[in-house]
Amino acid sequence: MLLTITTTHRPATDLGYLLMKNPANVHSVSLPFGDATLFYPEANEERCTAAITLEVDTVQLVRGKAGLEDQYVNDRPYAASSLLSVALGRLVNTAMAGRSKDRQDLADTAIPMEAVITPLPARGTSDLIERLFAPLGYAVEATPIALDPAHPEWGDSPYVALRLTGTVRLAALLTHLFVLIPVLDNQKHYYIGEAEVEKLLRKGEGWLEAHPDRDLIVRRYLRFRGLMNRANAALEDRVEAEAPEEASARDAAEDAIEKPIRLNDQRMERVVGLLRELGASSVLDLGCGEGRLLRELLKVPGIRKITGVEVAPRVLAAAGDRLRLDHMPDMKRQRIELLQGSLVYRDDRLNGFDAAAVVEVIEHMDAERLPAFEAALFGHARPGAVIVTTPNSEYNALFETLPAGKFRHHDHRFEWTRAEFRHWGESVALAFDYAVRFEGIGTDDPTHGTPTQAAIFTRAEASDTRIAA
C-alpha cells in the first residue's frame, strides 16, 4: 500500500521539517507485521512529496493468533487499513501531534496539501468517502479500481485510489487519515478495547465533535456499543463545553466594553437593514448564539425563512427559550428553525438561502480553521449574499476600559485591522466568485475608523440581489 503527501508551499522542502524526516534520507521502522518506509520521490523548492510504503509480512500478521494454524488469503497485506494507521503512528507521530522542532509556526499554519492513498478499501455506500472527508474541507477524488482490468464486465472492486486536496495543517491531515482509514475499511487488525476510546478522543479533538457523520465514525471505529456510548458521551461534553451561562458571560464581557456606544444595537440594526436592502426572503444566522439577531429578523415580514445555526446544543436550547419558540404562534413559528451544526463543515441543510449573516463570529475561530469555514460557506452552501462583521482592532485604543494590547474578549483568537479584514474579504471573494464591499458600523473616528467592520459579499451570478461594489 502507498500513501503520498505533497505540498506546493514555498519552500516546499519545509515538508521535511514538518515531518521531522530529512528528504535526503530513507527512513524505516519495523512493526510487528512488517516494515514501513518513508522517502521523498521529489523534493525541490516548488514541490515536495513524502511517500510512505508499508510492506506486510503475511506470516507475521497471523502468527500467534489462536486457531490460525494455516495462512489464509485476504486483503490485509495489500490494502490501506488500520495497519497503515499504526505505521503513521510510528513514523510521523511527532508531526501528527502538531510539533516541529525547527518550523513550529509552519506546523501551526494551514498550507496547500495533497494526499494520495492506493489501494484504499471503501466498504459502504458510494458517497461514504465524500461524506467523511468533504466536511473537513478537502476536495475529494476517488477513482474506483476494477476487479480485473482484463474483464471490465466484472465491475469495480471495493477499493479506490483516493486523492485529497486542501489547505490544512499537516497535523490535521495526518490525524484525519489516522482515524478515517480504518473507518472506511470498517475493521481493525487488532483487539478493540478501552484504549481505543482514548485514542479516538485524542485524535478526533477539534474536528470529530461536530462532524456531520460523527455517529458513523464512532460506530465503525469502536464497533462495540459500550465503547461507542462512552466516546459519544465524551464528545457531547466537548460540544457543550460552552454552556448558555458561559455564552451569556461572553456577551456580557463584550457588552461591558461596547455598551457606552450601543454597538451591539447598532450592529443588529445595520445587519437587518442590509438584509432588507438585499431583498433576502431566506436568511441563515451562523453562530446565532442565544438568538439576538434571530429575534430582530422575526420582526421583518418579508423574511419568510430564518435558520439559526450553533454548535453547542445547550446554547441553541437557550436561544429557543429566549425566543419562546414553544409559545410562538404557528404562523410565526413556521418561519424559524434552529439547527445544531459546525460552521467549518459542509452541511447540505444550509444550501439554497438568499443570505447568510455571520455577526461577530469569525474572531472566535482559530485562524487555521478559516479556510474550512470559507469552503463550507462560500464554496458549498453558496448563499446569494453573505454579511460578515468583526471587531476593528484599530478602534480598541478608544475603549477606556480595555487594556492596551488586549482583545475585546478572552475567547477572541484574533482581531483584525481594517487592512487585514479587507485583504481577507477580497481573497475570499476572488476565490469563490463573489463581489465584496466594505463598510463600518458605529461612530467613525478619523484615525481609528469604526468599532465594527463589515464585509458584504454578493454572489457573482446572483445579479438580482447584488449590492454594487
Undergrad: Would the distance check show the side chain of His423 and the main-chain N or O of Ala419 forming a donor-acceptor pair, the cut-off being under 3.5 Å?
TA: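 Flag not set: sc His423 to bb Ala419 has no pair under 3.5 Å.
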Undergrad: Using atom types as modelled and distance alone, determine if a side-chain donor or acceptor of Thr452 lies under 3.5 Å from a backbone N or O of Pro391.
TA: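 No; zero donor-acceptor contacts below 3.5 Å.
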Undergrad: Going from CZ on Arg90 to CD1 on Ile52, what distance comes out if it is rounded to the nearest 0.5 angstrom?
TA: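 Rounded to the nearest 0.5 Å, the CZ-CD1 separation comes to 13.0 Å.
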Undergrad: Please report the interatomic distance CG(Leu184) to CD(Gln187), rounded to the nearest 0.5 Å.
TA: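 So the gap between those two atoms works out to 12.5 Å.
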Undergrad: For the CG atom of Leu120 and the CG atom of Leu2, what is their distance to the nearest 0.5 Å?
TA: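 One gets 12.0 Å once the value is rounded to the nearest 0.5 Å.
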Undergrad: Please give me the minimum heavy-atom distance between Thr389 and Glu360, naming the atom from each residue.
TA: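 Heavy atoms of Thr389 and Glu360 come nearest at OG1-OE2, 2.6 Å.
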Undergrad: Would you name the heavy atoms of Arg408 and Asn392 that are closest together and state the gap between them?
TA: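 Minimum heavy-atom contact is NH2-O, 3.0 Å.
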Undergrad: Is there a side-chain contact between Leu38 and Tyr40 in this structure, where contact means two heavy atoms from C-beta onward sitting under 4.5 Å apart?
TA: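 The answer is yes, as the side chains (C-beta and beyond) meet within the 4.5 Å cut-off.
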Undergrad: Hey, does Glu114 have a side-chain heavy atom less than 4.5 Å from the side chain of Ile5?
TA: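 Side chain of Ile5 against side chain of Glu114, heavy atoms only: no contact under 4.5 Å found.
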Undergrad: Checking Arg346 side chain against Arg131 main chain: does a donor-acceptor pair fall under 3.5 Å?
TA: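 No, because the side chain of Arg346 does not come within donor-acceptor range (under 3.5 Å) of the backbone of Arg131.
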Undergrad: Against Cys288, only a single residue in Thr307, Leu297, Leu316 fulfils side-chain contact (heavy atoms from CB on, under 4.5 Å); can you say which?
TA: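 Of Thr307, Leu297, Leu316, side-chain contact (heavy atoms from CB on, under 4.5 Å) with Cys288 is met by Leu316 alone.
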Undergrad: Between Glu363 and Asp411, is there a side-chain heavy-atom distance shorter than 4.5 Å?
TA: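 Asp411 does not reach Glu363 side chain to side chain.
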Undergrad: Quick check: does any side chain N or O of His412 sit under 3.5 Å from a backbone N or O of Phe414, one acting as donor and the other as acceptor?
TA: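 Answer holds: no.
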Undergrad: Quick test of your reading of the model: are Glu198 and Arg230 salt-bridged, counting only N-O distances below 4.0 Å?
TA: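 Yes, charged N to carboxylate O under 4.0 Å.
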Undergrad: Could you tell me whether a side-chain N or O of His380 sits under 3.5 Å from a main-chain N or O of Ala375, the two making a donor and an acceptor?
TA: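 Absent.
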Undergrad: Test Asp185 against Arg123 for salt bridge (charged side-chain N to carboxylate O under 4.0 Å, His left out), laying out the working first.
TA: CA-CA 6 Å; Asp185 188 28; Arg123 308 182 199 280; 3.0 Å; yes
Undergrad: Are the side chain of Arg103 and the backbone N or O of Asp14 linked by a donor-acceptor pair below 3.5 Å?
TA: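 No: the side chain of Arg103 does not pair with the backbone of Asp14.
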Undergrad: Using a 4.5 Å cut-off on heavy atoms from C-beta on, say whether the side chain of Leu180 contacts that of Ile217.
TA: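 They are in side-chain contact.
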Undergrad: Would you check if the side chain of Thr49 reaches a backbone N or O of Thr6 as a donor-acceptor pair within less than 3.5 Å?
TA: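 Not a single qualifying donor-acceptor pair exists.
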Undergrad: Is there a donor in the side chain of Asp35 and an acceptor in the side chain of Ser28, or the other way round, less than 3.5 Å apart?
TA: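 The answer is no; no qualifying pair exists.
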Undergrad: Any chance the side chains of Asn22 and His27 put a donor and an acceptor closer than 3.5 Å?
TA: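 Side-chain D/A pair, Asn22 to His27: absent.
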Undergrad: Do other residues, nucleotides or ligands put more than 12 heavy atoms under 6.0 Å from the CZ atom of Arg349?
TA: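 Yes - once you tally the heavy atoms of other residues, nucleotides and ligands closer than 6.0 Å, there are more than 12.
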Undergrad: For Met365 and Arg413: C-alpha separation, side-chain torsions, deciding distance, then whether side-chain contact (heavy atoms from CB on, under 4.5 Å) applies.
TA: CA-CA 6 Å; Met365 296 181 184; Arg413 303 305 199 262; 5.7 Å; no
Undergrad: Between Lys21 (side chain) and Leu91 (backbone), is there a donor-acceptor pair under 3.5 Å?
TA: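 Confirmed, Lys21 side chain pairs with Leu91 backbone.
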Undergrad: Going by heavy atoms in the side chains, are Tyr221 and Met228 under 4.5 Å from each other?
TA: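 The answer is no; the side chains never approach within 4.5 Å.
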Undergrad: In Å and rounded to the nearest 0.5 Å, what is the CG to CG distance from Leu3 to Leu88?
TA: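 Answer rounded to 0.5 Å: 6.0 Å.
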Undergrad: Do you know which two heavy atoms are closest between Gly98 and Gln104, and how far apart they sit?
TA: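 Smallest interatomic distance, heavy atoms only, reads O-NE2, 2.9 Å.
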Undergrad: Side chains of Thr417 and Phe421, heavy atoms from C-beta outward: is any pair under 4.5 Å?
TA: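 In short, these two side chains do not touch, never coming nearer than 4.5 Å.
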Undergrad: Starting from the C-alpha separation in whole Å, work towards a yes-or-no answer on side-chain contact (heavy atoms from CB on, under 4.5 Å) for Thr13 and Glu45.
TA: CA-CA 6 Å; Thr13 48; Glu45 296 288 304; 3.8 Å; yes
Undergrad: Can you tell me if CZ on Phe353 sees more than 12 non-hydrogen neighbours from other groups inside 6.0 Å?
TA: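 Correct, the count exceeds 12.
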Undergrad: Between Ser85 (side chain only) and Phe178 (backbone N and O only), is there a donor and an acceptor less than 3.5 Å apart?
TA: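 Side chain of Ser85 to backbone of Phe178, a donor-acceptor pair under 3.5 Å: yes, one is there.
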Undergrad: Just by modelled atom types, is the Gly206 backbone N or O under 3.5 Å from a matching donor or acceptor in the Arg369 side chain?
TA: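 Yes, the answer is positive, given that a donor and an acceptor are paired below the 3.5 Å cut-off.
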Undergrad: Apply the test side-chain contact (heavy atoms from CB on, under 4.5 Å) to residues Leu177 and Ile117: give CA-CA distance (whole Å), side-chain angles for both, the deciding distance (0.1 Å), then the verdict.
TA: CA-CA 10 Å; Leu177 294 176; Ile117 314 169; 3.6 Å; yes
Undergrad: Can you see which heavy atom on Ile145 is nearest to which on Ser157, and at what distance?
TA: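 Residues Ile145 and Ser157, closest heavy atoms: O-OG, 2.7 Å.
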Undergrad: Working to the nearest 0.5 angstrom, can you tell me the gap between Leu128 CG and Asp213 CG?
TA: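 If we round to the nearest 0.5 Å, Leu128:CG and Asp213:CG are 7.5 Å apart.
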Undergrad: Should the pair His151 and Trp154 be assigned to parallel (<30°), tilted (30 to 60°) or perpendicular (>60°) ring geometry?
TA: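 The rings of His151 and Trp154 lie parallel, inter-plane angle below 30°.
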Undergrad: Please round to the nearest 0.5 Å and tell me the distance separating atom CD of Glu310 and atom CG of Asp285.
TA: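 Spacing of CD (Glu310) from CG (Asp285) equals 9.0 Å.
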Undergrad: Can you confirm whether Leu325 sits close enough to Leu338 that some side-chain heavy atom of one is under 4.5 Å from a side-chain heavy atom of the other?
TA: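 Of all side-chain heavy-atom pairs linking Leu338 with Leu325, at least one is under 4.5 Å.
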Undergrad: Quick one: closest heavy-atom pair of Ala231 and Leu222, and the distance?
TA: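 That would be CB-CD1, 3.6 Å.
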Undergrad: Would you check if Val358 and Leu377 make a side-chain contact, meaning some heavy-atom pair closer than 4.5 Å?
TA: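 Counting from C-beta outward, Val358 and Leu377 do come under 4.5 Å.
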Undergrad: Does the pair Asn396 and Glu415 meet the rule for a side-chain contact (heavy atoms from CB on, under 4.5 Å), with working shown?
TA: CA-CA 10 Å; Asn396 289 353; Glu415 289 181 2; 2.7 Å; yes
Undergrad: When you compare the side chains of Glu196 and Tyr190, does any donor N or O come within less than 3.5 Å of an acceptor on the partner?
TA: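 Yes.
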Undergrad: Can you name the closest pair of heavy atoms from Trp424 and Phe457 and give their distance?
TA: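 The answer is CZ3-CZ, 4.0 Å.
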